[in-house]
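Treat the numbers as computed from the prediction; the structure is a model and nothing was measured. Excluded from the calculations below are hydrogen atoms, water molecules and symmetry mates; all remaining heavy atoms, backbone and side chain alike, are included. Sequence positions, counted from 1, serve as the residue numbers for this chain.
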Amino acid sequence: MNPKPCFEVTMQFFVYGLIGWLWETSLAAFKRHKFVDTGFLVGPITPIYGFAVLAVLYLLRPWQDNILLLFISATIVVTILEYFTGLLLEKLFHTKWWNYENVPLNLQGRVALPISIFWGICCVLIVEFVQPKVLAWVDWAGVTFGLLLPVILIALTAFDFGFTLANLQSFRQRMEKLNLAIEESKQNLATDADELKQNLQQSWEQRLQANPKLAERLSNLSYGQRRLLNSFPNMRVKNVTSRIDEIKELVSALKADSKRKK
(Lines give C-alpha, C1' and ligand atoms only; values in the text may rest on other atoms or scores of the structure.)
Protein backbone atom coordinates (compact mmCIF):
# COMPACT_ATOMS: atom_id res chain seq x y z
CA MET A 1 0.00 0.00 0.00
CA ASN A 2 1.36 3.41 -0.99
CA PRO A 3 1.40 5.62 2.14
CA LYS A 4 1.70 8.86 0.15
CA PRO A 5 -2.07 9.47 -0.41
CA CYS A 6 -2.75 8.87 3.29
CA PHE A 7 0.07 11.24 4.21
CA GLU A 8 -1.26 13.94 1.87
CA VAL A 9 -4.84 13.68 3.14
CA THR A 10 -3.73 13.72 6.78
CA MET A 11 -1.45 16.70 6.35
CA GLN A 12 -4.06 18.64 4.40
CA PHE A 13 -6.54 18.01 7.23
CA PHE A 14 -4.15 19.53 9.77
CA VAL A 15 -3.20 22.44 7.51
CA TYR A 16 -6.82 23.47 6.91
CA GLY A 17 -7.72 22.80 10.53
CA LEU A 18 -4.94 25.23 11.50
CA ILE A 19 -6.08 27.79 8.91
CA GLY A 20 -9.62 27.55 10.27
CA TRP A 21 -8.38 28.10 13.82
CA LEU A 22 -6.31 31.10 12.73
CA TRP A 23 -9.30 32.58 10.89
CA GLU A 24 -11.75 32.23 13.78
CA THR A 25 -9.24 33.34 16.40
CA SER A 26 -8.25 36.41 14.37
CA LEU A 27 -11.90 37.31 13.77
CA ALA A 28 -12.71 36.96 17.47
CA ALA A 29 -9.65 39.03 18.42
CA PHE A 30 -10.77 41.77 16.01
CA LYS A 31 -14.31 41.82 17.43
CA ARG A 32 -13.36 41.63 21.12
CA HIS A 33 -10.07 43.59 20.91
CA LYS A 34 -8.14 40.82 22.67
CA PHE A 35 -6.81 37.34 21.98
CA VAL A 36 -9.46 34.62 22.28
CA ASP A 37 -8.80 30.94 21.64
CA THR A 38 -11.93 29.96 19.72
CA GLY A 39 -11.12 26.28 19.31
CA PHE A 40 -13.08 23.38 20.79
CA LEU A 41 -9.74 21.65 21.39
CA VAL A 42 -6.81 23.07 23.34
CA GLY A 43 -4.43 22.88 20.37
CA PRO A 44 -4.49 25.31 17.41
CA ILE A 45 -6.81 23.29 15.21
CA THR A 46 -10.52 23.44 14.33
CA PRO A 47 -11.30 19.98 12.93
CA ILE A 48 -14.53 20.91 11.13
CA TYR A 49 -12.51 23.09 8.73
CA GLY A 50 -10.22 20.20 7.91
CA PHE A 51 -13.14 17.84 7.24
CA ALA A 52 -15.07 20.45 5.24
CA VAL A 53 -12.19 21.34 2.92
CA LEU A 54 -11.26 17.68 2.38
CA ALA A 55 -14.87 16.94 1.44
CA VAL A 56 -14.82 19.77 -1.10
CA LEU A 57 -11.41 18.79 -2.51
CA TYR A 58 -12.12 15.08 -2.95
CA LEU A 59 -15.89 14.64 -3.21
CA LEU A 60 -16.37 17.58 -5.58
CA ARG A 61 -13.37 16.93 -7.82
CA PRO A 62 -15.57 16.37 -10.95
CA TRP A 63 -16.99 19.92 -10.64
CA GLN A 64 -13.80 21.80 -9.82
CA ASP A 65 -13.32 23.01 -13.41
CA ASN A 66 -16.68 24.81 -13.31
CA ILE A 67 -16.60 27.65 -10.79
CA LEU A 68 -20.40 28.03 -10.61
CA LEU A 69 -21.02 24.32 -10.04
CA LEU A 70 -18.15 24.21 -7.56
CA PHE A 71 -19.61 27.14 -5.63
CA ILE A 72 -23.12 25.63 -5.50
CA SER A 73 -21.98 22.12 -4.58
CA ALA A 74 -19.43 23.38 -2.03
CA THR A 75 -22.08 25.56 -0.37
CA ILE A 76 -24.39 22.54 -0.08
CA VAL A 77 -21.67 20.20 1.23
CA VAL A 78 -20.36 22.66 3.84
CA THR A 79 -23.90 23.50 4.99
CA ILE A 80 -24.81 19.83 5.45
CA LEU A 81 -21.57 19.16 7.31
CA GLU A 82 -22.00 22.16 9.62
CA TYR A 83 -25.64 21.33 10.36
CA PHE A 84 -25.06 17.70 11.27
CA THR A 85 -21.85 18.48 13.17
CA GLY A 86 -23.77 20.97 15.29
CA LEU A 87 -26.61 18.50 15.79
CA LEU A 88 -24.22 15.69 16.76
CA LEU A 89 -22.35 17.88 19.26
CA GLU A 90 -25.65 18.96 20.81
CA LYS A 91 -26.81 15.37 21.22
CA LEU A 92 -23.49 14.18 22.63
CA PHE A 93 -22.71 17.06 24.99
CA HIS A 94 -26.15 18.67 25.55
CA THR A 95 -24.61 21.97 24.49
CA LYS A 96 -25.20 24.19 21.46
CA TRP A 97 -21.70 25.45 20.71
CA TRP A 98 -22.54 28.01 18.01
CA ASN A 99 -25.79 29.79 17.33
CA TYR A 100 -26.90 31.65 14.19
CA GLU A 101 -30.38 32.54 15.45
CA ASN A 102 -29.62 36.25 14.98
CA VAL A 103 -28.52 35.68 11.37
CA PRO A 104 -31.22 35.93 8.67
CA LEU A 105 -32.42 32.75 6.92
CA ASN A 106 -31.04 30.40 9.56
CA LEU A 107 -32.13 26.82 10.19
CA GLN A 108 -32.54 26.06 13.91
CA GLY A 109 -29.55 28.31 14.61
CA ARG A 110 -27.15 25.65 13.31
CA VAL A 111 -26.68 27.01 9.78
CA ALA A 112 -27.62 30.23 8.00
CA LEU A 113 -27.75 31.04 4.29
CA PRO A 114 -25.42 34.10 4.41
CA ILE A 115 -22.81 32.06 6.32
CA SER A 116 -23.15 29.15 3.87
CA ILE A 117 -22.72 31.46 0.86
CA PHE A 118 -19.61 32.96 2.45
CA TRP A 119 -18.10 29.49 2.94
CA GLY A 120 -19.03 28.52 -0.61
CA ILE A 121 -17.04 31.49 -1.90
CA CYS A 122 -14.14 30.59 0.41
CA CYS A 123 -14.12 27.02 -0.91
CA VAL A 124 -13.83 28.27 -4.50
CA LEU A 125 -10.90 30.49 -3.52
CA ILE A 126 -9.26 27.59 -1.68
CA VAL A 127 -9.54 25.25 -4.69
CA GLU A 128 -8.30 27.88 -7.13
CA PHE A 129 -5.53 29.59 -5.17
CA VAL A 130 -4.75 28.02 -1.80
CA GLN A 131 -4.72 24.28 -2.52
CA PRO A 132 -1.76 24.35 -4.97
CA LYS A 133 0.39 26.06 -2.32
CA VAL A 134 -0.78 23.64 0.37
CA LEU A 135 0.10 20.66 -1.83
CA ALA A 136 3.54 22.11 -2.47
CA TRP A 137 4.09 22.49 1.30
CA VAL A 138 2.81 18.95 1.94
CA ASP A 139 5.29 17.58 -0.61
CA TRP A 140 8.11 19.47 1.13
CA ALA A 141 6.98 18.20 4.55
CA GLY A 142 6.89 14.64 3.24
CA VAL A 143 10.46 14.86 2.01
CA THR A 144 11.68 16.65 5.16
CA PHE A 145 9.86 14.81 7.95
CA GLY A 146 8.40 11.68 6.38
CA LEU A 147 5.66 9.83 8.29
CA LEU A 148 6.94 11.06 11.65
CA LEU A 149 5.12 14.41 11.41
CA PRO A 150 1.55 13.09 10.82
CA VAL A 151 2.04 10.40 13.49
CA ILE A 152 3.03 13.05 16.05
CA LEU A 153 0.15 15.34 15.02
CA ILE A 154 -2.40 12.51 15.24
CA ALA A 155 -1.12 11.46 18.67
CA LEU A 156 -1.23 15.02 20.02
CA THR A 157 -4.71 15.64 18.63
CA ALA A 158 -6.02 12.34 20.04
CA PHE A 159 -4.67 13.27 23.48
CA ASP A 160 -6.16 16.76 23.14
CA PHE A 161 -9.54 15.33 22.16
CA GLY A 162 -9.52 12.91 25.10
CA PHE A 163 -8.54 15.68 27.52
CA THR A 164 -11.36 17.91 26.23
CA LEU A 165 -13.95 15.14 26.47
CA ALA A 166 -12.88 14.39 30.05
CA ASN A 167 -13.59 18.02 30.99
CA LEU A 168 -16.99 18.34 29.32
CA GLN A 169 -19.12 16.41 31.84
CA SER A 170 -17.63 18.38 34.71
CA PHE A 171 -18.07 21.57 32.67
CA ARG A 172 -21.81 20.97 32.28
CA GLN A 173 -22.25 20.18 35.97
CA ARG A 174 -20.45 23.34 37.03
CA MET A 175 -22.37 25.46 34.55
CA GLU A 176 -25.62 24.16 36.08
CA LYS A 177 -24.38 25.04 39.59
CA LEU A 178 -23.42 28.55 38.49
CA ASN A 179 -26.75 28.96 36.74
CA LEU A 180 -28.62 27.88 39.90
CA ALA A 181 -26.74 30.44 42.00
CA ILE A 182 -27.53 33.21 39.51
CA GLU A 183 -31.21 32.27 39.28
CA GLU A 184 -31.50 32.08 43.08
CA SER A 185 -29.96 35.54 43.31
CA LYS A 186 -32.45 36.86 40.74
CA GLN A 187 -35.37 35.38 42.68
CA ASN A 188 -34.17 36.99 45.90
CA LEU A 189 -33.82 40.34 44.14
CA ALA A 190 -37.32 40.07 42.75
CA THR A 191 -39.02 39.11 46.03
CA ASP A 192 -37.22 41.08 48.74
CA ALA A 193 -37.16 44.86 48.32
CA ASP A 194 -34.59 45.46 51.06
CA GLU A 195 -32.29 42.79 49.69
CA LEU A 196 -32.79 44.20 46.20
CA LYS A 197 -31.36 47.53 47.27
CA GLN A 198 -28.46 45.85 49.06
CA ASN A 199 -27.60 43.44 46.25
CA LEU A 200 -27.66 46.14 43.60
CA GLN A 201 -24.78 47.75 45.48
CA GLN A 202 -22.83 44.50 45.78
CA SER A 203 -20.71 42.76 43.20
CA TRP A 204 -20.42 38.99 43.02
CA GLU A 205 -16.95 39.27 44.54
CA GLN A 206 -18.37 41.03 47.60
CA ARG A 207 -21.16 38.48 47.92
CA LEU A 208 -18.67 35.59 47.82
CA GLN A 209 -16.54 37.22 50.50
CA ALA A 210 -19.62 37.66 52.66
CA ASN A 211 -20.75 34.06 52.05
CA PRO A 212 -17.74 31.66 51.99
CA LYS A 213 -20.04 28.63 51.87
CA LEU A 214 -21.49 29.85 48.58
CA ALA A 215 -18.00 30.17 47.04
CA GLU A 216 -17.10 26.70 48.32
CA ARG A 217 -20.29 25.20 46.88
CA LEU A 218 -19.77 26.75 43.46
CA SER A 219 -15.99 26.30 43.22
CA ASN A 220 -14.13 27.77 40.25
CA LEU A 221 -13.89 26.48 36.70
CA SER A 222 -10.61 24.92 35.59
CA TYR A 223 -8.48 26.58 32.92
CA GLY A 224 -9.88 24.27 30.23
CA GLN A 225 -13.46 24.94 31.29
CA ARG A 226 -12.92 28.72 31.39
CA ARG A 227 -11.39 28.46 27.91
CA LEU A 228 -14.53 26.76 26.58
CA LEU A 229 -16.68 29.43 28.20
CA ASN A 230 -14.66 32.20 26.53
CA SER A 231 -14.34 30.40 23.19
CA PHE A 232 -18.08 29.99 22.59
CA PRO A 233 -19.89 33.18 23.69
CA ASN A 234 -23.10 32.04 21.97
CA MET A 235 -23.20 28.55 23.47
CA ARG A 236 -26.35 27.22 25.05
CA VAL A 237 -26.08 24.52 27.70
CA LYS A 238 -29.08 22.34 28.44
CA ASN A 239 -30.84 23.31 31.72
CA VAL A 240 -28.83 26.55 31.89
CA THR A 241 -31.03 29.62 31.49
CA SER A 242 -28.61 32.37 32.55
CA ARG A 243 -26.82 34.44 29.93
CA ILE A 244 -23.20 33.58 29.23
CA ASP A 245 -22.05 37.06 30.26
CA GLU A 246 -23.77 36.59 33.65
CA ILE A 247 -21.94 33.30 34.16
CA LYS A 248 -18.62 34.88 33.11
CA GLU A 249 -19.10 37.62 35.71
CA LEU A 250 -19.60 35.02 38.44
CA VAL A 251 -16.64 32.92 37.20
CA SER A 252 -14.37 35.99 37.31
CA ALA A 253 -15.50 36.70 40.87
CA LEU A 254 -14.81 33.10 41.89
CA LYS A 255 -11.33 33.30 40.39
CA ALA A 256 -10.60 36.55 42.24
CA ASP A 257 -11.98 35.09 45.47
CA SER A 258 -9.76 32.02 45.09
CA LYS A 259 -6.66 34.19 44.60
CA ARG A 260 -7.57 36.32 47.62
CA LYS A 261 -7.70 33.26 49.89
CA LYS A 262 -4.24 32.02 48.85
Query raised in the report: Looking at residues at least two apart in the chain, or sitting in another chain, which of them share a side chain to side chain contact (heavy atoms under 4.5 Å, CB included) with Thr241?
Result: Asn179, Glu183
Report summary line: So salt bridge (Lys or Arg N to Asp or Glu O under 4.0 Å) across residues 95-109, not counting sequence neighbours, yields Lys96-Glu101, Glu101-Arg236
Report, one line per pair, each donor and acceptor closer than 3.5 Å where one atom sits in a side chain of residues 39-57; sequence neighbours left out.
from  : atom 1 : to    : atom 2 : distance (Å)
Tyr49 : OH     : Glu24 : OE2    : 2.6

Query raised in the report: Of all residues at least two apart in sequence or in a different chain, which pass the side chain to side chain contact (heavy atoms under 4.5 Å, CB included) check with Asn239?
Result: Arg172, Glu176
Query raised in the report: Do any pairs count as a salt bridge (Lys or Arg N to Asp or Glu O under 4.0 Å) and have a residue in residues 25-44, sequence neighbours left out, and if so which ones?
Result: Asp37-Arg227
Query - Distance in Å, Ile182 CD1 paired with Lys177 NZ, rounded so as to fall on 0.5 Å steps - result: 14.5 Å
For residues 137-153, run the donor-acceptor check on the side chains, cut-off 3.5 Å, and write out each pair with its distance to 0.1 Å, sequence neighbours left out.
from   : atom 1 : to     : atom 2 : distance (Å)
Trp140 : NE1    : Thr144 : OG1    : 3.4
Thr144 : OG1    : Trp140 : O      : 2.8

Query raised in the report: Around Asp245, counting heavy atoms of other residues, nucleotides and ligands shown, do more than 12 lie under 6.0 Å from its CG?
Result: yes
**Report entry** By side chain to side chain contact (heavy atoms under 4.5 Å, CB included) - contacts of Ile19 (at least two apart)
**Finding:** Val15, Tyr16
Report task. Among residues two or more places apart or on two chains, list those pairs meeting ring-ring contact (aromatic ring centres under 6.0 Å, His included) that have a residue in residues 146-187. Result -> none
Requested in this report: Among residues two or more places apart or on two chains, list those pairs meeting salt bridge (Lys or Arg N to Asp or Glu O under 4.0 Å) that have a residue in residues 41-60.
Outcome: none
Which donor-acceptor pairs under 3.5 Å do side chains of residues 108-128 form with protein atoms, sequence neighbours excluded?
from   : atom 1 : to     : atom 2 : distance (Å)
Gln108 : OE1    : Tyr83  : OH     : 2.5
Gln108 : OE1    : Arg110 : NH1    : 2.3
Arg110 : NE     : Glu90  : OE1    : 3.4
Arg110 : NE     : Glu90  : OE2    : 2.9
Arg110 : NH1    : Tyr83  : OH     : 3.2
Arg110 : NH2    : Glu90  : OE1    : 2.9
Ser116 : OG     : Thr79  : OG1    : 2.7
Ser116 : OG     : Ala112 : O      : 3.2

Query raised in the report: With Glu82, which residues qualify under salt bridge (charged side-chain N to carboxylate O under 4.0 Å, His left out), at least two apart?
Result: none
Report summary line: Residue pairs passing the side-chain hydrogen bond (donor to acceptor under 3.5 Å, both in side chains) test with at least one member in residues 51-66, sequence neighbours excluded, are Gln12-Tyr58
